[in-house]
Engineer: 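One structure coming up, written as C-alpha cells, with questions to follow.
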Amino acid sequence: MDETLARAREAIAVARSIVVLTGAGISAESGIPTFRDAMTGLWSRHRPEDLATPEAFRRDPRTVWDWYAWRRERVALVQPNAGHEALARLERVAAARGADYLLVTQNVDGLHAAAGSRRMVELHGNIRRVKCFDRGHPAASWPSETPGPPPCALCGSPLRPDVVWFGEALPPEALQAALDAARRCDVFLSVGTSGLVEPAASLPLAALERGMAVIEVNPQPTPLTRRAWAALAGPAGEILPRLVPLESTP
Ligand code: NAD
C-alpha cells in the first residue's frame with residue numbers, strides 16, 4: 001500500500017491535467033450517509049426510487065419536499081472532512097504549477113465548495129439550491145413554515161430541490177465538460193464512488209481507454225478496482241491527505 005500510495009502521489013505531483021470524480025463515500029466521514037444508508041428512522045419505509053423521481057413529486061409533492069428539507073437540514077449541520085480539504089488543496093497546488101484541474105462530483109451536499117473547491121462540476125445538482133418544477137426558475141429563498149413545496153414567485157409552479165432525480169437527464173453542459181476533461185487528463189482520481197451509477201461510471205473508463213493513470217480511493221472493491229493503475233483501499237479522509245500532503249501547499 002505504501003509503495004502504491006507513493007507512486008500515486010508522484011503521478012499526481014507531476015500531472016499536467018488532473019480530473020477527480022467523487023461520490024457519496026467522500027462525505028461518509030462527515031456523517032452524511034450514502035443513499036441507501038440514509039433511508040433509516042423516519043424514512044425507512046421509503047425507497048430512494050419512490051422519493052427521488054419526478055413521478056413521486058407529482059404524486060406526493062409534500063412527502064418529497066419534506067424528505068429533501070430533512071436532508072437539507074442534516075447537510076447544513078455537517079462540516080467538510082480531511083478528504084474534501086485535501087481536494088481543495090490539490091486544486092490550489094495544480095493551479096500554482098499551471099496544471100489543469102477539474103473536480104466532478106456526484107454529491108449534492110455542497111461540501112466540496114464548503115471546503116474551498118472552486119473548479120467543479122456538480123453532475124447531480126445541489127440539494128442546497130431550489131428551483132421550480134415546471135420552468136426551472138431558481139429560488140433564492142422560500143418560506144419554510146408552510147407544509148409542502150411553496151409556489152414559485154415567478155410562475156406559481158411548486159418548488160423542488162435542484163438535483164437530478166432518477167429518470168432525469170444530467171445537465172448536458174456539465175456532463176460534456178466532465179467527459180472532455182476525462183479524455184484530456186493524464187491522472188484521473190476516483191474517490192468514494194461505487195461506479196454503478198451512469199453516466200458518471202463511464203468517466204474513469206474514458207481515461208482508461210486512453211491509457212491514463214486512474215487512481216481509485218475506496219475501502220471496498222468496485223468494478224474499477226482491478227483495472228485501476230493504482231487502487232488505494234481505505235477511507236478518503238485518511239488516504240487523500242497522504243496523496244496531497246499539507247506541505248505541498250504553495
Ligand atoms: P454509492 O452510495 O453508490 O457508493 C458509495 C461508495 O463510497 C461505495 O463504493 C463505498 O465503498 C465508498 N465509501 C464508503 N465510505 C467511504 C470512505 N470513507 N471513503 C471513500 N469511499 C467510501 O455512491 P455514488 O457512487 O456516489 O452513487 C450514489 C448516488 O447517490 C449518486 O448519484 C449521488 O448523487 C447520490 N448521493 C449523494 C450523497 C451526497 O451528496 N453526499 C449522499 C448519498 C447519495
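Ligands are counted one by one from 1 in listed order, and the atoms in each one are counted from 1 as well. Numbers for residues simply follow the sequence, beginning at 1.
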Engineer: Checking side-chain polar atoms at under 3.5 Å, does Gln106 have a donor or acceptor matched by the opposite partner on Thr193?
Structural biologist: yes
Engineer: Between Ser27 and His84, does any side-chain donor sit less than 3.5 Å from a side-chain acceptor?
Structural biologist: yes
Engineer: What I want to know is whether Ala236 and ligand 1 share at least one N or O pair that is separated by under 3.5 angstrom.
Structural biologist: yes
Engineer: Is the shortest distance from a heavy atom of Asn218 to ligand 1 less than 4.0 Å?
Structural biologist: yes
Engineer: May I ask you to check if ligand 1 and Ala24 share an N or O to N or O distance below 3.5 Å?
Structural biologist: yes
Engineer: Taking N or O atoms only and a 3.5 Å limit, does Gln106 qualify as a polar contact for ligand 1?
Structural biologist: yes
Engineer: What do you reckon, is CZ of Arg7 surrounded by more than 12 foreign heavy atoms closer than 6.0 Å?
Structural biologist: yes
Engineer: Which atoms from ligand 1 have a heavy atom of Gly192 less than 4.0 Å away?
Structural biologist: 5 (C), 6 (C), 7 (O), 20 (C), 21 (N)
Engineer: By number and element, which atoms of ligand 1 are closer than 4.0 Å to a non-hydrogen atom of Gln220?
Structural biologist: 11 (O)
Engineer: What atoms in ligand 1 come closer than 4.0 Å to a heavy atom of Gly23?
Structural biologist: 26 (O)
Engineer: Whether Arg242 and Asp2 form a salt bridge (side-chain N of Lys/Arg under 4.0 Å from carboxylate O of Asp/Glu) is what I want to check.
Structural biologist: yes
Engineer: I need the minimum non-hydrogen distance between Trp67 and Ala52, along with the two atoms involved.
Structural biologist: CZ3-CB, 4.4 Å
Engineer: I'd like a table of donor-acceptor pairs (distance under 3.5 Å, sequence neighbours excluded) in which one partner is a side-chain atom from residues 173-182, with atom names and distances.
Structural biologist:
unit_1 : atom_1 : unit_2 : atom_2 : d
Gln176 : NE2    : Asp180 : OD1    : 3.0

Engineer: Check ligand 1 against Pro235 and write out every atom of the ligand that is under 4.0 Å from a heavy-atom position of the residue.
Structural biologist: 17 (C), 18 (N), 19 (N)
Engineer: Enumerate donor-acceptor pairs with a distance under 3.5 Å from any side-chain N or O in residues 223-238 to protein atoms, sequence neighbours excluded.
Structural biologist:
unit_1 : atom_1 : unit_2 : atom_2 : d
Thr225 : OG1    : Glu216 : OE1    : 2.7
Thr225 : OG1    : Thr222 : N      : 2.7
Thr225 : OG1    : Thr222 : O      : 3.1
Thr225 : OG1    : Thr222 : OG1    : 3.4

Engineer: Who gets closest to atom 3 (O) of ligand 1 by heavy atom: Ser194, Ala200, Ala52, Gly237?
Structural biologist: Ser194
Engineer: Between the candidates Ala233, Gly234, Pro219, Gly110, which shows the shortest non-hydrogen contact distance to atom 22 (C) of ligand 1?
Structural biologist: Pro219
Engineer: Under 4.0 Å between a side-chain nitrogen and a carboxylate oxygen: does that hold for Glu73 and Arg128?
Structural biologist: no
Engineer: Using a 4.0 Å cutoff against the non-hydrogen atoms of Val108, which atoms of ligand 1 qualify?
Structural biologist: 39 (C), 40 (O)
Engineer: At a 4.0 Å threshold, what atoms of ligand 1 neighbour a non-hydrogen atom of Glu29?
Structural biologist: 17 (C), 18 (N), 19 (N)
Engineer: Are any of the N/O atoms on Thr222, whether in the backbone or the side chain, positioned under 3.5 angstrom from an N/O atom of ligand 1?
Structural biologist: no
Engineer: Look at Arg16 together with Asp186 and state whether they make a salt bridge at an N to O cut-off of under 4.0 Å.
Structural biologist: no
Engineer: I need the contact type for Ile32 against ligand 1. Using non-hydrogen atoms and a strict under-4.0 Å cut-off, is it side chain, backbone, both or neither?
Structural biologist: side chain
